[in-house]
Amino acid sequence: MVDSHDEHTGDDVSRKLREKADFLLSREKGTVYKDPGGRINVALVYPNTYHVGMSNLGFQGIYGLLNSMRDVVCERAFLPDDGDLGEYARTQTELFSLESGRPLNRFDIVAFSVSFENDYPNIAGILQLSKIPLRSSERNFRHPLVIMGGVCAFFNPEPVSAFFDICFIGEADEMLPEFLDLCRVSGKKPGILKKSVSISGIYVPEFYSVTYGKEGNISKRYQTEGTPEYVKRRFLQDISQSKITTSIITSETEFSEMFLIEMMRGCPWNCRFCAAGKIYAPPRRKDFKVIEDETRKGLTKTKRIGLIGPSLSDYPQIKDVLKIPGVDFSITSLRAGSRSAELVSLMKGHRSVSIAPEAGTERLRRVIDKRITEEDILNTSELLFAGGIETLRLYFMVGLPTETREDVDAIIGLVKKIRSVSAKGHITLSVGTFVPKPFTPFQWHSMEAPMEVKERLKMIKKAIPGIKGARVFHDVPKYAYMQGLFSMGDRRVSAVIEKMLKTGDWMKAAGAAGIRESHYIFRRKDFSEILPWDFIDMGVSKEKLWAEYRQALS
Ligand code: SF4
C-alpha cells in the first residue's frame, strides 16, 4: 500500500503532457479521484491509446469495479499518442497515470487489460517508458506487481508471459475480488506469488518451465512451487451479477458519449474460426430486469445506450429492450437473418449495421461452420436497406482453410447479388486475413502464404469499386502474420517483442531473436504436438476440437 507521505506530486511530469491529460479529464463524466494513502494503488493500463482503451467496456468496467472497493484506488494509463513520444523522451518523463499524474512505477500493482495480440509490443513500450524492468525475473519486491488480464491472457499468455508476474486466466470480474483479498494480507513479491496460485485461474509464469525438442516443438512443461499442471479458466456464472459497465462517459472514444451495457457473454454459435465461442463459454445472458436498471442508470449520464454481446439478435427479449422508452439504442453488429432485420426498425436513427458472412460460398461457410445461407444474407440486406439503413458493412476473411480463388470470386459475386436485390445505400466490405486461434478447431492449421493472400485481396480490391455504392477496406497482411505469431507463439516469442523495442519491425525483430516465424504460422501441426496453451483448461477437450478440425477439412 502507498503511504500518504509517498504521494508523488507530479512535478517530474512535462507540463505539455500534463495539460493534455487535463484536457482529456475535463471531457470526462464519472472520473474517480481518491486519496492514495493507505489504499491498494492500482494503475490500470490499456496497451493502446486513450481513444482505443476508453472504447473498451472491459477496461472501463474493471476501473469501476476496483474503485468501488473502499480500500483500493485505481487510476488509468495508456500508450501515449505517437506525437507525444518525443516529448516524453525530451523531458525524460516517466509514463504517468491520468488521474494523479503519478509515475506507474509508484503503484502497488500495474494491471494490463489486453484485448488484442498486436498490442503486445505496446506492453513492452509502456514498461520501458515507466522505467519498470521488462522481464519479471529482473524485478523485485520494490517494483509494482505487473499483472495481465483481458482476453489474450486467457487463451495464450505465453508470448508475453516473461513480462508478467501474474496472469488472470479467466474473467476478471470473477477473479479480482478474491485476488484483492489476497493482496490485503500478503503484501509484495515474492510472498504474494506463492500464495496467489491457491486461487483457481491464477497463472504465475515463473513457476513453470518449458523445454523444446530438436524440431523446435515443446517437448515438456514442468511446474514448481506446488502449482497445478493445468490452470482452469474461470468465468462468472451469472452475468446479471457483473459490475462491468461504462464508468466514464466521454466524447473522446469510438462510442462517443455512449453508455455500454453488456447483454450477453459467450456465443452459442461456435463458428470454427472464432475463439469467442470457446473462451467465453458457456453463453450467458443478463436478466432483462438488470438491463432495465442499467439503462435507467445510463440515462442519468447520457441519452445514448450501446448494447454489447456477440449475437444480440438471439437475446430472447431483445425487442422489449429496444422498446424501453426514451433511449437511442445502438447495436452495430447483427447476425444475418429475418429477426435481425426486424430489429432495425426499433433502432431509431440508426444508419449503419454490420453483418458477417465471412466467406463467399456456402461450401466455405460450411467449413468454418458459419451457419448462415446466401438466402439469409440477401434477405437481410434487402430488409435492412428497406428499413432505412444507409450503410451495410460486410465482414469477410481471406486465407480461410480450404479457400480457393473461386471462393474469393464468390465474395465479389455475393456483393453484386446484394446490389441486385437493393439499389439503395452503401455497401462497405471489411476484409481481414484469417489467423488461426488457440482453442479453435483451426489451432492446428497454417496461415495462407503471403503472396496468395495478397493476390486474393487484389482480386477483391479490383472488382468491388466497380459495383455501385460499394467500397472495400482490408487489413495489412503483414500485421495479420504478426498477430498469428503472437496468437500461436510460445515463450520464445517474447524475445521478438523485446527486440521490437529497438527495430519496431516484427520481421526484423524475429530475425534478430533467432525466431523462425514459419514454425509458428506456416506449418500444420499434429494432434500429438504439445501446444503452448495446452496448460489452460478451457473446458473443451483437444480430442473434440481435433475431430471438428478433421470434419471441417473433409
Ligand atoms: S463469429 Fe460471431 S457468431 Fe460466430 S462464434 Fe464468433 S461471435 Fe459467435
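Note that the structure is a prediction, hence the values are computed from the model and not measured.
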Those residues that, when tested against Asp526, pass side chain to side chain contact (heavy atoms under 4.5 Å, CB included) (two or more places apart): Ser528
Full working for side chain to side chain donor-acceptor pair (under 3.5 Å) between Arg106 and Asn41: CA-CA 9 Å; Arg106 304 285 179 97; Asn41 279 239; over 6 Å; no
Test salt bridge (Lys or Arg N to Asp or Glu O under 4.0 Å) applied to Glu294 and Lys301, Lys286, Lys243, the passing residue: Lys286
Carboxylate-amine/guanidinium proximity below 4.0 Å for Arg284 and Glu262: no
Test item: side-chain donor near acceptor, Gln443 and Thr440, under 3.5 Å: no
Arg491 side chain vs Pro205 backbone, donor-acceptor pair below 3.5 Å: yes
Ion pair check, Glu229 and Arg221, cut-off under 4.0 Å: no
Test item: Arg39 side-chain N/O and Arg70 main-chain N/O as donor-acceptor pair under 3.5 Å: yes
Any donor-acceptor pair under 3.5 Å from Glu87 side chain to Leu17 backbone: no
No-hydrogen, no-angle side-chain donor-acceptor test under 3.5 Å, Ser97 and Glu75: yes
Check: Phe59 ring centre within less than 6.0 Å of Phe112 ring centre: no
With Phe535, the ring-ring contact (aromatic ring centres under 6.0 Å, His included) member among Phe207, Tyr203, Tyr230: Tyr203
Contacts of Phe273 that satisfy ring-ring contact (aromatic ring centres under 6.0 Å, His included) - sequence neighbours left out: none
Backbone N/O of Ser14 and side chain of Thr93: donor-acceptor pair under 3.5 Å: yes
Any donor-acceptor N or O pair under 3.5 Å, side chains Asp173, Ser242: yes
Separation between CD1 of Ile536 and CZ of Phe154, rounded to the nearest 0.5 Å: 10.0 Å
Carboxylate-amine/guanidinium proximity below 4.0 Å for Arg265 and Glu171: yes
Cation-pi check, Arg76 onto Tyr63 ring (under 6.0 Å, within 45° of axis): yes
Glu178/Arg234 under salt bridge (Lys or Arg N to Asp or Glu O under 4.0 Å): CA gap, chis, key distance, verdict: CA-CA 12 Å; Glu178 234 173 294; Arg234 297 270 301 272; 2.8 Å; yes
Pair Lys34 + Glu99: basic N to acidic O under 4.0 Å: no
Aromatic ring pairing Trp546/Phe527, orientation class (parallel under 30°, perpendicular over 60°, tilted between): tilted
Flag, side chain of Arg233 to backbone of Ile279, donor-acceptor distance under 3.5 Å: yes
Side-chain donor/acceptor of Asp537 to backbone N/O of Gly539, under 3.5 Å: yes
Any pair counted as salt bridge (charged side-chain N to carboxylate O under 4.0 Å, His left out), so long as it reaches residues 527-536, sequence neighbours left out: Arg523-Glu529, Asp534-Lys542
Pairing residues for Asp165 by the salt bridge (charged side-chain N to carboxylate O under 4.0 Å, His left out) criterion, not counting sequence neighbours: Arg139, Lys189
Within residues 165-192 or reaching into it, pairs that qualify as ring-ring contact (aromatic ring centres under 6.0 Å, His included) - sequence neighbours excluded: Phe168-Phe179
Test item: side-chain donor near acceptor, Ser115 and Asn56, under 3.5 Å: yes
Lys478 to Tyr481, cation-pi by 6.0 Å centre distance and 45° axis angle: no
Side-chain touch Leu104/Ile126, heavy atoms, less than 4.5 angstrom: yes
Expected output: side-chain Gln60 to main-chain Met54 donor-acceptor under 3.5 Å: yes
Test item: Ser130 side-chain N/O and Ile132 main-chain N/O as donor-acceptor pair under 3.5 Å: no
Arg27 versus Ser251, side-chain donor and acceptor atoms under 3.5 Å: yes
Backbone of Lys508 reached by a side-chain donor or acceptor of Asp505 within 3.5 Å: yes
Sidechain-backbone polar pair: Ser256 side chain, Thr253 backbone, donor-acceptor under 3.5 Å: no
Test side chain to side chain contact (heavy atoms under 4.5 Å, CB included) applied to Asp181 - qualifying residues, sequence neighbours left out: Arg184
Among Trp506, Tyr479, Phe486, Phe163, the one residue meeting ring-ring contact (aromatic ring centres under 6.0 Å, His included) with Tyr120: Phe486
